[in-house]
Structures are given as C-alpha cells and as structure tokens.
Amino acid sequence: FNKNPEASKFTLELTAPVPAEVVIGTPELELASLSDTRVRVMVSIPRQHVTGPIELTLKVTDAASGTVREQPVRFLSPMSV
C-alpha cells in the first residue's frame with residue numbers, strides 16, 4: 001500500500017533462515033498514491049529443512065521515502081504441521 005502523496009517505487013525481498021529458492025513475480029514495482037497491488041511469491045524449501053513452521057522475512061523498501069519495512073511471513077507445508 002502506497003501511503004505517499006505521489007507515486008513511488010518499491011523493492012521486495014524475501015529471506016529465509018534455511019536454504020530456499022525464492023521467486024518474486026514483480027520484485028520492483030511502482031504504485032500510484034494511495035493504491036496497492038498483489039505480488040505472487042513462490043518459495044521452495046528442501047524437505048530436510050522443513051521440521052516445522054518456518055518464519056520468512058518480507059522486506060519492502062520505499063524508494064520515495066527511504067522507509068524499509070520488514071514483515072514476518074510464516075511458511076507452512078504438509079511436513080510442518
């Protein structure tokens with residue numbers, strides 16, 4: 001969600017505490033003021049590293065304001081429940 005009074009560019013990164021393959025559909029995007037969008041993210045983690053829920057970190061950088069936000073994201077799989 002872009003809360004800036006003008007359009008802004010954002011960069012998305014996702015990190016994991018275990019080896020993971022991360023594909024972000026649109027890692028860099030521009031949003032008009034007061035707008036939002038959805039971005040597809042695919043994460044693959046080798047089975048041997050999934051012993052329970054894994055907390056990933058989504059980092060969103062706002063180029064206009066320089067603000068960096070980090071949001072925890074829980075990775076679940078049939079092996080982790």
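Everything quoted here is computed from the prediction, not taken from an experiment.
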Just jot down the side-chain hydrogen bond (donor to acceptor under 3.5 Å, both in side chains) partners of T67, sequence neighbours excluded, or say none.
-> S65
Heavy-atom nearest pair, V43 first then F75, reads O-CE1, 3.6 Å
Can you list the residues that meet the side-chain contact (heavy atoms from CB on, under 4.5 Å) rule with [X], with sequence neighbours excluded?
X	value
R74	P53, L76
T15	T57
P46	Q48, H49

Please tabulate, for the side chains in residues 16-34, all donor-acceptor contacts under 3.5 angstrom to protein atoms that are two or more places apart in sequence or on a different chain.
from: S33; atom 1: OG; to: N4; atom 2: O; distance (Å): 2.6

Same apolar cluster (I L V M F W Y, side chains within < 4.5 Å links), V41/V73 = yes
Point-to-point distance, once rounded to the nearest 0.5 Å, from CG of L58 to CD of E70 = 9.0 Å
State the CZ-OG1 distance between F10 and T37, to the nearest 0.5 angstrom.
-> 11.5 Å
Using the side chain to side chain donor-acceptor pair (under 3.5 Å) rule, take N2 and S8 through it: C-alpha gap first, then chi angles, then the decisive distance, then the call.
-> CA-CA 7 Å; N2 181 11; S8 185; 4.9 Å; no
With side chains defined as the heavy atoms from C-beta onward, is the minimum distance between I54 and I45 less than 4.5 Å?
-> yes
